[in-house]
Amino acid sequence: MESAPDLQSMLESLHSASYGWALACVARDRSEASDVLQTAYLKILSGKVRFENRSSFKTWLFGVIRVTALEQRRRRWFSRRRTEPMESEAVAPTSEPKVDRETAEALSRALAQLSGRQREALHLTFYEGLSIAEAASIMNVALGTARLHYERGKAALLLQLAKEGVSFP
Amino acid sequence: MTPPDDEALQRAFRALARHDARHAPSLQTLQTPRANRTAWRVLVPVGSSIALAACVLLGITGVLQKRDESSAMVSAAPPLPTSMPELAPVPSAAAVDVAPDAAAILVRKDELGLDEKQSKTLHRLQRELDHEAEPLRQARRATQEQLTRALGTVPIDTVQVTRYGAELRSLDLRIEALERAHVARVHEVLTARQRELLGVAHDAGATDGGR
């Protein structure tokens with residue numbers, strides 16, 4: 001079990017990756033991703049969920065975020081109320097290269113068209129650089145299932161990008 | 001060996017990761033407003049649920065209360081009468097006084113030997129009686145009709161029946177009082193002999209035909 005300062009520092013080190021994963025879990029909705037991440041952090045920091053060294057901390061953290069996103073999705077039918085936009089969303093970044101932004105936006109749109117499982121498999125492998133086995137562990141599915149989602153997701157993503165006429169440098 | 005598509009996708013995902021990292025809210029931002037956001041997210045659904053439950057409860061209470069009131073009204077209503085309400089018997093003319101009135105005496109004018117003055121007086125008394133009693137008799141007829149209508153309702157409107165019955169009784173008493181006064185005045189006109197012929201008792205207050 002990690003102590004509170006360790007937990008805090010580990011969360012900080014994985015914060016960007018966690019946010020990206022939260023985005024993947026909620027079909028790239030930034031506001032919802034922020035909510036999911038907050039809820040997940042609250043669960044972890046309040047001790048509602050505990051890391052017990054059964055996997056890597058990142059795998060465990062991503063599992064918590066994924067479950068939180070699923071819980072939030074289930075609650076969404078009851079209330080579609082969105083929370084106020086985060087401060088960071090209101091600030092338009094100016095330092096981002098145009099190519100990066102366009103590519104990211106095109107990929108984000110294409111990913112949003114995929115199924116949740118496919119999006120998760122592709123995110124964990126391409127975005128996080130995890131193996132399919134690690135992705136399967138986080139997704140809580142069998143390796144073969146994760147591989148299937150990965151293959152089908154990749155084909156669907158390429159097709160979607162081709163439809164949009166997107167070509168990567 | 002990585003296929004070209006995979007390489008392109010990896011580059012695109014790296015661009016996406018950089019993009020996300022630029023837009024990611026800081027850890028502090030996510031933690032700081034947490035309490036308020038959580039509070040609202042908890043309070044709004046809970047508040048809505050409580051308000052909804054309260055509305056449903058009030059509605060059910062209102063319906064039950066209305067039902068209770070209507071059933072109470074039904075139970076408080078007087079039972080339907082199994083028989084007609086007992087009304088005071090309407091006194092007939094004979095029951096009011098066996099003594100004949102002026103009209104009856106005038107019919108027997110020759111037999112009784114009434115003189116002209118007595119006849120005129122009796123005619124006047126009869127007109128006065130008719131004049132005074134007629135409005136009361138009209139009122140009585142109207143009340144009687146209303147009583148008949150009330151008795152014809154289903155269920156019988158016992159309140160109205162009682163009311164009209166009381167009015168009828170009152171009117172009867174007033175008419176009876178008028179007729180008694182009239183008979184008394186008629187007797188004052190007659191002589192003792194004439195009263196004997198009529199078969200009525202001599203009234204102590206009566207004079208001997210005014211003579």
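Reminder, nothing fancy here: chain letters follow the sequence lines and each chain counts from 1. Just so we're clear, the structure is a prediction, and the values are computed from it rather than from any experiment.
- Contact of Leu122(A) with chain B is made through backbone and side chain together, with heavy-atom distances under 4.5 Å.
- Within 6.0 Å of atom CZ in Arg174(B), 12 or fewer heavy atoms from other residues, nucleotides or ligands are found, so the atom counts as exposed in its surroundings.
- A heavy-atom distance below 4.5 Å is found between the side chains of Leu9(B) and Leu161(A).
- Residues in residues 135-146 of chain A take part in no side chain to side chain donor-acceptor pair (under 3.5 Å) pair, two or more places apart or across chains.
- Judged as a ring-ring contact (aromatic ring centres under 6.0 Å, His included), the pairs with a partner in residues 134-165 of chain A (not counting sequence neighbours) are, in order, Phe126(A)-Tyr150(A).
- Atom CG in Leu157(A) sits 5.5 Å away from atom CZ in Phe13(B) (nearest 0.5 Å).
- Put simply, the side chain of His19(B) never gets that close to the backbone of Ser108(A): no donor and acceptor are under 3.5 Å apart.
- Tyr127(A) has its side chain within reach of Asp20(B): a pair of non-hydrogen atoms, C-beta onward, lies under 4.5 Å apart.
- Between Lys154(A) and Asp6(B) there is a salt bridge, since a side-chain N of the basic residue sits under 4.0 Å from a carboxylate O of the acidic one.
- Side-chain contact between Gln10(B) and Thr125(A): absent, with no pair of heavy atoms (C-beta onward) separated by less than 4.5 Å.
- What you find for Pro25(B) and Ser34(A) is that their closest heavy atoms are CG-OG, 3.7 Å.
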